[in-house]
Amino acid sequence: MISNIEKEFDAITDTWSPRVVADVNGQCVKLAKLKGEFVWHDHAEEDELFFVVKGALTIRYRDRVDAVLSAGDLHVVPRGVQHNPIAEDECWVMLFEPAETKHTGEVIVEGTRTAAQQRAHMQSESLPSKSA
């Protein structure tokens with residue numbers, strides 16, 4: 001499988017809605033466009049890696065100094081640590097996390113996406129095309 005990051009980001013129309021683009025050894029590689037403030041949450045059992053492709057991102061913490069990231073920066077949010085990502089302007093991120101990681105941890109909000117929703121485009125791309 002070959003993916004082009006620019007084309008994958010072009011296909012993302014909603015902010016805060018991760019899109020799985022690859023699976024690697026039980027880990028998901030996800031892309032997302034972020035803008036505004038998300039929701040306080042944690043992932044009890046999984047670390048979460050943020051890599052900023054474009055723009056800037058602040059990851060707020062309740063119990064430590066905020067992580068302020070620019071394009072090219074990466075940061076790991078440790079498992080079980082409450083965090084809240086914030087992007088003043090549109091920010092493109094690549095996320096690396098175990099496949100079982102819930103989008104918003106145990107917090108369910110309107111924008112929460114299930115694993116199936118995050119990879120729905122992969123199922124539609126793998127369907128055989130109909131020919132006349």
Side-chain angles (χ1 to χ4, degrees):
M1 177 178 102
I2 297 174
S3 291
N4 178 280
I5 296 297
E6 290 281 332
K7 288 182 181 176
E8 293 287 355
F9 274 111
D10 286 346
I12 298 171
T13 57
D14 296 328
T15 57
W16 303 107
S17 185
R19 177 182 175 97
V20 175
V21 294
D23 294 297
V24 182
N25 299 318
Q27 300 283 313
C28 286
V29 179
K30 301 176 181 181
L31 301 180
K33 290 180 179 177
L34 314 179
K35 187 171 182 185
E37 186 169 346
F38 195 43
V39 61
W40 283 99
H41 67 286
D42 65 42
H43 306 284
E45 303 298 324
E46 305 92 16
D47 297 331
E48 182 177 33
L49 185 145
F50 286 81
F51 174 74
V52 178
V53 175
K54 179 179 171 183
L57 177 67
T58 298
I59 300 176
R60 293 185 59 207
Y61 289 106
R62 293 191 191 278
D63 63 349
R64 58 190 75 193
V65 176
D66 295 347
V68 180
L69 310 171
S70 298
D73 291 340
L74 65 88
H75 176 71
V76 176
V77 176
R79 68 190 70 198
V81 175
Q82 285 236 326
H83 59 286
N84 185 10
I86 300 170
E88 295 295 322
D89 297 308
E90 186 174 88
C91 176
W92 295 5
V93 297
M94 183 180 294
L95 305 161
F96 295 87
E97 55 194 21
E100 64 273 5
T101 302
K102 294 179 182 176
H103 180 212
T104 53
E106 297 303 319
V107 176
I108 306 299
V109 295
E110 182 179 334
T112 299
R113 300 292 182 258
T114 65
Q117 289 171 315
Q118 294 178 50
R119 61 177 62 249
H121 67 282
M122 295 176 94
Q123 276 72 36
S124 63
E125 291 170 3
S126 67
L127 296 175
S129 60
K130 295 180 181 178
S131 56

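Numbers here simply count residues along the sequence, with the first being 1. Nothing here was measured: the structure is a model prediction, and the numbers come from that model.
With values rounded to the nearest 0.5 angstrom, Lys54 atom NZ is found 7.0 Å from Glu6 atom CD. Atom CD in Glu48 sits 7.5 Å away from atom CD1 in Ile59 (nearest 0.5 Å). Of the inter-residue distances, the one linking Lys30 atom NZ with Asp23 atom CG reads 9.5 Å to the nearest 0.5 angstrom.
A pairwise comparison of heavy atoms in Ala56 and Ala87 identifies O-CB, 3.8 Å as the closest pair.
The local environment of CD in Glu90 is crowded, with over 12 non-hydrogen atoms from other residues, nucleotides or ligands closer than 6.0 Å.
Between His41 and Pro85 the shortest side-chain heavy-atom distance falls below 4.5 Å. Counting only heavy atoms from C-beta outward, the side chains of Val52 and Val93 approach each other to under 4.5 Å. Contact check for His83 versus Phe38: no side-chain heavy atoms found under the 4.5 Å cut-off. Annotation: side chain of Asp42 is not in contact with side chain of Val81 (no heavy-atom distance under 4.5 Å).
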Let me have the donor-acceptor pairs involving side chains of residues 69-77, under 3.5 Å, with sequence neighbours excluded, atom names and distances please.
| unit_1 | atom_1 | unit_2 | atom_2 | d |
| --- | --- | --- | --- | --- |
| Asp73 | OD2 | Ser70 | N | 2.8 |
| His75 | NE2 | Tyr61 | OH | 2.5 |

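Applying the side-chain hydrogen bond (donor to acceptor under 3.5 Å, both in side chains) rule to Asn84 yields the partners Glu37; only residues at least two apart in sequence or on another chain are considered. For Ile12, the side-chain contact (heavy atoms from CB on, under 4.5 Å) partners at least two apart in sequence or on another chain are Phe9, Arg19, Leu31, Lys33. Partners of Glu88 by side-chain hydrogen bond (donor to acceptor under 3.5 Å, both in side chains), not counting sequence neighbours: none found. Legend: residues meeting ring-ring contact (aromatic ring centres under 6.0 Å, His included) with Phe51, ordered by chain and number and at least two apart, are absent. By the salt bridge (Lys or Arg N to Asp or Glu O under 4.0 Å) test, Arg79 pairs with Asp47, sequence neighbours left out.
Under the 4.5 Å side-chain heavy-atom criterion for Ile, Leu, Val, Met, Phe, Trp and Tyr, Val65 and Val68 are members of distinct hydrophobic clusters. Residues Trp16 and Val39 fall within the same hydrophobic cluster, defined by Ile, Leu, Val, Met, Phe, Trp and Tyr side chains chained together at heavy-atom separations under 4.5 Å.
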